[in-house]
Amino acid sequence: MTETSPSIPVRIAGTGSYVPEKILTNAELADRVDTSDEWIVTRTGIKQRHIAADDEFTSHMATHAARRALEQAGIAPEDLELIIVATITPDTLTPATACYVQQNLGAVGAVAFDISAACSGFLYAMKISKRLISDGAFKNALIIGAEKLSAFVNWEDRSTCVLFGDGAGAAVLTRAEPGQGEILATEMGSDGRLTHLLNIPGGGSACPITTQNAGEHLATLAMLGKEVFKHAVTRMKEAAEKVIERSDLKPEDIACVIPHQANLRIIDAIADRLAVPNDRVFVNLDKYGNTSAAAVAIALDEANRTGAFKRGDHIVLVVFGAGLTWAAAAVRW
Ligand code: ACO
């Protein structure tokens, strides 16, 4: 699904992020399962992750990130007309986590809903809200990627528990005036033939958690890592190339690529295939691990606040996740 020429240009007016206070290092994980700091760093690039407290939910992290994005954008919660939360770890199956965020912010005039597209969700939310703003339906939208993956990880499975962390990232989208930055092109896709590669098999209507299966860790992430890796590289490259081409950009025009933060080897492979030098690729997975829908949103906020790009620069965001799903966006800041 693609689109190139919206009637009203849309820009990112502010970004924000939040991670919980508690840090879990590789060394601490090595005390729990048969792994080592050396294995985790070599295979993934991850050194630590942040873990939410028991009473800290996805909506709480999302609200913190949202407040920071709203503050930077200079937009009041009451002026929001749309809130989308991308998450696979909602507070509750229903209502949507976006509705809890709406309540927390006092954003009484907004429409609020969640989308489930795993790690691709934040850029899915960006495309949807961009279209709704450019069509004239809404002026101001808040998009959030937020996850409490620690509640859906099997802490006895070394092949997955070392990969994930908790956190939230947010962005405020609004109409762009002439001379301001703009979201130039967006791309998203899915391949439902690959649902088996990465999923949380239990806890839904197909496999409710019962007293009989409660000990089987069915409501935790299961993954065929090598297969996911292969598809991730191919799909992210294709998606990024599409938005670069549709924005009339060349690799040398891109000041910063912000990829999904799952594995440093995947990020290096993408940089290589896009012919973008590594020093223009933003990486923070060493600090946070894979925070799924939150990852690219947290990375965007950190890159923005640390000056990885400046006004007028072109940036490219690119992601993939369970589904499989993938998405990309090219932005003139
Ligand atoms: N510590 C030590 N050894 C381990 C660990 C660990 N934590 N985990 C697995 N191993 C062992 C395996 O048992 C295996 O041992 P064996 O050779 O004796 O059988 C060996 O290490 C190699 O395992 P592989 O799975 O082949 O390792 P690989 O190099 O493929 O790395 C990894 C695994 C890091 C998961 C990689 O495949 C990957 O990153 N894949 C992509 C995953 C991803 O990006 N997911 C993102 C989507 S998440 C979302 O949408 C929510």
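Computation of the quantities below employed the complete heavy-atom set of this structure, encompassing side-chain atoms and omitting hydrogens, waters and symmetry-equivalent molecules. One-based numbering, in listed order, for ligands and for the atoms of each.
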Next on the checklist: Strictly below 4.0 Å, N to O, side chains only: are Glu56 and Lys22 in salt-bridge contact?
Outcome noted: no
N/O to N/O under 3.5 Å, ligand 1 against protein:
from: ligand 1; atom 1: 1 (N); to: Thr35; atom 2: OG1; distance (Å): 2.6
from: ligand 1; atom 1: 3 (N); to: Trp39; atom 2: NE1; distance (Å): 3.3
from: ligand 1; atom 1: 3 (N); to: Arg158; atom 2: NH1; distance (Å): 3.4
from: ligand 1; atom 1: 7 (N); to: Thr35; atom 2: OG1; distance (Å): 3.0
from: ligand 1; atom 1: 7 (N); to: Arg158; atom 2: O; distance (Å): 2.9
from: ligand 1; atom 1: 13 (O); to: Arg158; atom 2: NH2; distance (Å): 3.0
from: ligand 1; atom 1: 21 (O); to: Trp39; atom 2: NE1; distance (Å): 3.4
from: ligand 1; atom 1: 26 (O); to: Lys226; atom 2: NZ; distance (Å): 2.9
from: ligand 1; atom 1: 27 (O); to: Arg43; atom 2: NH1; distance (Å): 3.2
from: ligand 1; atom 1: 29 (O); to: Arg43; atom 2: NH1; distance (Å): 2.7
from: ligand 1; atom 1: 29 (O); to: Arg265; atom 2: NH2; distance (Å): 3.2
from: ligand 1; atom 1: 30 (O); to: Lys226; atom 2: NZ; distance (Å): 3.3
from: ligand 1; atom 1: 37 (O); to: Gly225; atom 2: O; distance (Å): 3.4
from: ligand 1; atom 1: 39 (O); to: Asn263; atom 2: ND2; distance (Å): 2.7
from: ligand 1; atom 1: 40 (N); to: Gly225; atom 2: O; distance (Å): 3.0
from: ligand 1; atom 1: 50 (O); to: Ala322; atom 2: N; distance (Å): 3.0

Checklist entry - Is Arg235 salt-bridged to Glu238, going by a charged N under 4.0 Å from an acidic O? => result yes
Item to check | side-chain hydrogen bond (donor to acceptor under 3.5 Å, both in side chains) evaluation trace for Thr89 with Glu147 | outcome: CA-CA 5 Å; Thr89 55; Glu147 304 282 11; 2.6 Å; yes
Checklist entry - Can a salt bridge be assigned to the pair Glu241 and Lys237 using a cut-off of 4.0 Å between side-chain N and carboxylate O? => result yes
Next on the checklist: Ring-plane angle category for His50 and Tyr288, please: parallel below 30°, perpendicular beyond 60°, tilted otherwise.
Outcome noted: tilted
Checklist entry - Does Asp279 CG have over 12 foreign heavy atoms under 6.0 Å away? => result yes
